[in-house]
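To keep things clear, I will list the structure first and then write my remarks on it.
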Amino acid sequence: MSELEAAFADEPALIPYVVAGDPGIEETKEYVRALVRGGADVIELGLPFSEPIADGPTIQNAIQRALSGGMTPDDYLELVSGLDVDVPVVCMTYYNLIYQYGGREAQRASERSSGGTPRDEEGVEAFVSAAADAGVSGLIVPDLPVEESGPLRLACDEYGLDLVFIIAPTTTDRRKRRITEQASGFVYVQARMGTTGAQADVSGDTHDSLARLAESDLPKAVGFGVSAGEHAREIVSAGADGVVVGSALVDIVASGENVAERLESKAAELKSGAREGEQEIPEPERTSN
Amino acid sequence: MSELEAAFADEPALIPYVVAGDPGIEETKEYVRALVRGGADVIELGLPFSEPIADGPTIQNAIQRALSGGMTPDDYLELVSGLDVDVPVVCMTYYNLIYQYGGREAQRASERSSGGTPRDEEGVEAFVSAAADAGVSGLIVPDLPVEESGPLRLACDEYGLDLVFIIAPTTTDRRKRRITEQASGFVYVQARMGTTGAQADVSGDTHDSLARLAESDLPKAVGFGVSAGEHAREIVSAGADGVVVGSALVDIVASGENVAERLESKAAELKSGAREGEQEIPEPERTSN
Amino acid sequence: TKFGEYGGQYVPEVLMPAIEELQSAYERYVLENEDGFMDEFRRHLRDFGGRPTPLQRADALSERYDREVYLKREDLLHGGAHKLNNALGQVLLAKYMGKERIVAETGAGQHGTATAMAASYLDIDCEVFMGRTDINRQRPNVFRMRTHDAEVNPVDVGSGTLKEAINETMRDWATNVEDTHYVIGSVVGPHPFPKMVRDFQSVISEEAREQIRKKAGRLPDSVVACAGGGSNTMGAFHNFVDDAEPRSANRSSGHGPRDDESVSLFAVEAGGSGLTIDEDEGVAPHSASLSSGQDGVLHGARTKLLQSGDGQILESHSVSAGLDYSGVGPELAHLVETGRVTPVNVGDDAALEAFHRLSKLEGIIPALESSHAVAYLERAAQRAADGSSGHDQRDEADELGDLVIVNVSGRGDKDLDTVIEESAKRGIDAAPSMEVFE
Amino acid sequence: TKFGEYGGQYVPEVLMPAIEELQSAYERYVLENEDGFMDEFRRHLRDFGGRPTPLQRADALSERYDREVYLKREDLLHGGAHKLNNALGQVLLAKYMGKERIVAETGAGQHGTATAMAASYLDIDCEVFMGRTDINRQRPNVFRMRTHDAEVNPVDVGSGTLKEAINETMRDWATNVEDTHYVIGSVVGPHPFPKMVRDFQSVISEEAREQIRKKAGRLPDSVVACAGGGSNTMGAFHNFVDDAEPRSANRSSGHGPRDDESVSLFAVEAGGSGLTIDEDEGVAPHSASLSSGQDGVLHGARTKLLQSGDGQILESHSVSAGLDYSGVGPELAHLVETGRVTPVNVGDDAALEAFHRLSKLEGIIPALESSHAVAYLERAAQRAADGSSGHDQRDEADELGDLVIVNVSGRGDKDLDTVIEESAKRGIDAAPSMEVFE
């Protein structure tokens, strides 16, 4: 059982998301500590990419702030390795940063050797290796569908990282099987169509998606639109093993007021909701995970 | 010999042009009298038409002033009949006014009869008849080439008006013969290409044109660009029987300062130049007209 | 030199020799294809101009009006309008005649642009006369002409619009006639211009006739074209003027039989804001010379004109600058007089609505000129609806018949600013909101 | 799903089922002509779009460059650019797929306009995403889209240009993927978009190949097309990519023999103001991804990109808004990588000069995009002149050979304001004076 999987073992997991470097590196460290104090079981830490096509406006703006602040992949890995928290960190980013991080390594290598285009295999390995060194437990790459994930999956296996995949409301059963075969750590259940962003209620798609995933052994964490303890309760009671909360927290970061304190209390609210939700699950089901 | 032809009999004729109604009817009467005092042998009086394609900017603007002042064909004929000068008046206008004057008559007629389009024959007769009644001696219609002049020629013959045609620098010998066959009163020799307008010198085309017309019995008056006594001298010495002067006079009208006085003295200058020119013609040629 | 009572050559003597020379060149090169002139002309139309233009079935309009509506797509010609057909023909003819210089008038700028294009393509100097008012309100077309290296000469006299530009071009021509050809922009002016321009434009109906036979299996019941000066009109009509052949039996199925068997020709004039003339101001609030003009002589030809009782030419008005002219081609006047062409008119508002309708329903933004032709379909349908109890209107609607060709003489990109402004001012329902701009 | 190392499907899982559905529809309808899809597509291209477009011999350019220069006239396609080929194909495909709604991104507005046209023609709802900056600087195209009844959704994030508009359209698609098709505007995006868009655009080279055989009796020595995303480029190249047939003996008469016997393909990128990148500002002063980009993943595909060493995408820059994109189609990247396509670039000033040159010499105002392709003729000629003593440059110039096709991908009416302003600012000699305005 990987570090990530283990985080779901005892009780429903709270997976808060913030963007690294929003608005600065020290703040991010402070916010992560606050979230852990509030009850976070896993920290999903965004490595900002300039074209975040899977994210809604809230997180786009956070990414913009982080990039304006000068956040780079190297800074990110240094930040992670300097985090003094005892929960696993999963890195959420887009594929080009992973590919290009390796690309730079490969370019240096190809100057020595016979040249040529860097291949995926060379590209991702450099990033995964560095991430593993920094203490990253797993990766979420929202623009990397299972079809294109081969090289990254191999590298993650080699360096002991989990590779988390997203299951969307549109995912067919055939794709679901393919994805769950490749996924590790947990399955990220996308609660609704579209992009990330806090919503006022839980999408009806959530229950269907969880039901379709009942047979999978991996923990299932629901994200996209989760913003309140009540949502967490409902989602966990519907069978989820955890909730991912991003935009609602990034909103707090964006406000700039009492951020750490409010993050901690929001995390506590969400964690508490998740625990309540667990109580509502009939006994036989609860033990099935 | 018509009134117009007779005006050329004794000495080289001065034919000044002004636009009727520029700037008003009473002013025009005053200007005409001044021109006659200065030595005019024929008055060319423009009946303003909104689209004066054969005229340059000076006369265009004069026409605009006259039309703005409300000048109409009826006003024009009334003006002519009220002129108390003893030189012939030739009416310069464009064909649509002649055509449409009759058109109105014809329309009134067609309301009584069975309708239908007014034809040239009906159209022009009304105008020519009214012009004759008003005391007009002849017509110059710069947009009516000889090809289209049949109906107007007929009407002029019927009412005893002369129809003056223009010979241009481009006119071929074939056309020249056709035009001189149809022309009466005098032949208007266009001194240069283009449109009316005062110029600083006499065009070289003038001598050629006059030479080509030597065999014609009609008096030859040269216009387009004549503005000074010196020009008149040169033109008459080259064999012309008269000069037409328009824009140079209209410029004086436009200035609005001491107009009558200056018109009279300009006419005198031109007439004097013409007389000087006549002195320069070798005797045998002078008697040929 | 006449079409019945209309036409002729009412120009200053200084121009007559050039007119005779042009007449001779027209006969030799255009009518007799001397030196392969017409072959070369057609090659340029094809390779440079993009001919043939399509005849497209307008599916949405056909459904809306319950008849087969076909659009002749002159908007796809190089430059964006039918104007190039004529400009290319005349510029080429000028070269065959050995002229070294081209002058042209322009109002909205379409003809000037087409002439400038043709002149730069065929490598001959070009000067365009354009009223100051038009220059200021048609800047993009001035840019285009200058970009094609044509001189643009502002005309400051009078109202500074098309009429004055024509006058001024005639003056230039009178001055430089020996080495200069005047590329007149429509089927107007002295003979042989109206015939020659018609011949250059008649490729429209030549193609349309063949295309409709191929697509619909027969000739149309009617052809609808807008009419300002009338060059797209005559181009769209010419090859149908003599058509009087019987149609297939089913043509009468939809709307009942018509009295005659010929192809009906509808010239749609700009009704502007109404047909009443203000003689004191010297202004007509429309450009409907065929519908309401009087016979007269303007710009070299006898034709139907907007004029005062005295014969002074009135300023015309239309939301479409390209239809804004006080005269009309003499051949059209003749065809109207003889009953072969039916003159109709639609006002500014109806034209604006038609502009939006075609843009929304068919994916084609028509020129405001062409929008008048499109608008007549709606007018006919409305009359049919209004008059379903009365016979007169019913008959009028049915004149269009079951199979209609509408000439889309040009594209409307050039008119977008005007249309947006005028639609907002007049509260045209069909106009889209432009709230996207902050 | 790849062209060599390039291409692929790098999109969120939520879109993958739609991509699979699209792949299936592409294979059935486009590749296998199921239900006569391709027949209907080609009929619309002909009747609505105005295809075929001419292949015109450019007489003045041929003389200037001492080689046969032919222009493929995509500027004559309905809407004024090659964009309609793709928009019409995808909108029609969306209808065959039973979709009820179209979304599209647009930068300069050309693709948005083409999509709006096609959507109104084929009667399907259409929403276009456009950056706020672009909306404000491309007002006429916004007017056109609105006039065709398309919604225009402003994108306020980031720099408010094309890149952001694509991101936002992908987000809308991810939200509404079940009833919505995303009409992507170039040969970019996840598979099968690059192949499918190429197939829709390949009608350009299909026609050009047949036309040049008919006119010149053989295949061209080279084809020159501008490359931003690369849809006109792939359209102009596709049917020549496999050509390696021997040419007639006299082809080497003018410029000496070349090394290979295939049709040379030149992709002309926007060199902007120079190829140096400012990483600190995240800005590239050009759009030359093929010439100077690094491999990476953007908008669903692996391709050559303008990016920082970290992999952040750089803002590109070109005087031509339509070339202003940080990526390029993956197939072009592959063809460049394999040596089949030669990437070259010309800067802003050279493109502006070419804009004026073609307008003056040939009577065609090219789009600023297309002006880059035209400019490469001049560049090659200059190099030949400069390098007449040295061998290297001489060879480069001779790559164009004796018979060249240049793809004029669109018309430049839309660019007039920009060109006049930029020409004045940069002191471009070839620009005409605009003193006619008071």
Side-chain angles (χ1 to χ4, degrees), chain B residues 48-57 60-61 64 67-68 70-75 93-104 106-107 116-120 123 127 141-148 165-172 174-175 179 188 190 192-197 224, chain C residues 1-2 4-21 155-159 163-164 166-178 180 190-191 280 282 294-302 304-305 307-315 326-327 333-334 337:
Chain B
F49 174 56
S50 57
E51 319 300 319
I53 60 171
D55 286 298
Q60 284 176 60
N61 290 332
Q64 204 51 55
L67 289 174
S68 300
M71 176 51 74
T72 68
D74 284 336
D75 293 343
T93 194
Y94 289 80
Y95 193 58
N96 195 53
L97 294 194
I98 297 174
Y99 178 89
Q100 188 64 12
Y101 193 88
R104 279 190 304 159
Q107 276 162 35
T117 316
R119 300 172 61 89
D120 268 20
F127 183 85
V141 190
D143 65 342
L144 190 74
V146 67
E147 283 79 356
E148 305 289 355
F165 283 94
I166 294 171
I167 297 279
T170 51
T171 302
T172 56
R174 192 179 54 75
R175 295 190 59 78
I179 292 166
Y188 189 138
Q190 180 175 334
R192 63 184 72 233
M193 301 294 290
T195 53
T196 59
F224 279 53
Chain C
T1 68
K2 294 262 169 87
E5 293 289 315
Y6 300 97
Q9 302 178 309
Y10 298 84
V11 295
E13 169 61 22
V14 68
L15 292 176
M16 281 305 295
I19 297 266
E20 290 178 349
E21 182 192 354
V155 178
D156 285 311
V157 294
S159 60
K163 204 159 53 70
E164 288 77 20
I166 295 180
N167 295 345
E168 198 60 28
T169 317
M170 287 219 169
R171 292 184 188 109
D172 180 288
W173 197 30
T175 309
N176 302 293
V177 65
E178 282 158 322
T180 297
H191 179 82
D280 288 345
Q294 300 295 324
D295 287 2
V297 172
L298 177 66
H299 295 145
R302 188 183 313 174
K304 291 182 179 288
L305 299 179
Q307 55 185 330
S308 70
D310 286 341
Q312 305 295 357
I313 307 305
L314 302 174
E315 276 183 42
S326 311
H334 172 65
E337 200 64 31

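Within every chain, numbering begins at 1; the chains are lettered A, B, ... in the order of the sequence lines, protein sequences first and strands thereafter. Reckoned from all heavy atoms, side chains included, excluding hydrogens, waters and symmetry mates.
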Against chain B, work out which of [options] has the most heavy-atom pairs shorter than 4.5 Å and name it.
{"options": "Val14(C), Leu314(C), Thr1(C)", "value": "Val14(C)"}
{"options": "Gly8(C), Pro17(C), Gly300(C)", "value": "Pro17(C)"}
{"options": "Pro12(C), Ala18(C), Pro190(C)", "value": "Pro12(C)"}
{"options": "Glu178(C), His299(C), Lys163(C)", "value": "Lys163(C)"}

Contact class of Val157(C) relative to chain B, heavy atoms under 4.5 angstrom: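 Only the side chain of Val157(C) comes within 4.5 Å of chain B.
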Interface moiety of Ile166(C) toward chain B, non-hydrogen atoms closer than 4.5 Å: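 Neither part, no heavy atoms under 4.5 Å.
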Donor-acceptor pair between Gln100(B) and Gln307(C) side chains, under 3.5 angstrom: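 Present: a donor and an acceptor within the cut-off.
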Arg175(B) and Glu13(C) ion-paired at < 4.0 Å: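 A salt bridge links Arg175(B) with Glu13(C).
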Top contributor to chain C contacts, counting heavy-atom pairs under 4.5 Å, from Pro57(B), Ala54(B), Ser50(B), Gly56(B):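 Top count of heavy-atom pairs under 4.5 Å with chain C: Ser50(B).
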Winner by heavy-atom pair count (cut-off under 4.5 Å) against chain C, out of Ala168(B), Gly70(B), Gly194(B), Pro48(B):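 Answer, by heavy-atom pair count under 4.5 Å with chain C: Gly194(B).
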How long is the straight-line distance from [atom2] of [Y] back to [atom1] of [X], given to the nearest 0.5 Å?
{"X": "Ile53(B)", "Y": "Tyr10(C)", "atom1": "CD1", "atom2": "OH", "result": "12.5 Å"}
{"X": "Met16(C)", "Y": "Ile179(B)", "atom1": "CE", "atom2": "CD1", "result": "8.5 Å"}
{"X": "Asn96(B)", "Y": "Gln312(C)", "atom1": "CG", "atom2": "CD", "result": "8.5 Å"}
{"X": "Tyr99(B)", "Y": "Arg302(C)", "atom1": "OH", "atom2": "CZ", "result": "4.5 Å"}

Side chain to side chain contact (heavy atoms under 4.5 Å, CB included) evaluation trace for Glu147(B) with His191(C): CA-CA 12 Å; Glu147(B) 283 79 356; His191(C) 179 82; over 6 Å; no
Any side-chain heavy atom of [X] sitting closer than 4.5 Å to one from [Y]?
{"X": "Val297(C)", "Y": "Tyr94(B)", "result": "no"}
{"X": "Gln60(B)", "Y": "Glu168(C)", "result": "yes"}
{"X": "Pro52(B)", "Y": "Arg171(C)", "result": "yes"}
{"X": "Asp143(B)", "Y": "Val11(C)", "result": "no"}
{"X": "Glu51(B)", "Y": "Leu298(C)", "result": "yes"}

Atom group of [X] that falls short of 4.5 Å from chain C, counting heavy atoms:
{"X": "Pro145(B)", "result": "both"}
{"X": "Arg192(B)", "result": "neither"}
{"X": "Asn61(B)", "result": "side chain"}

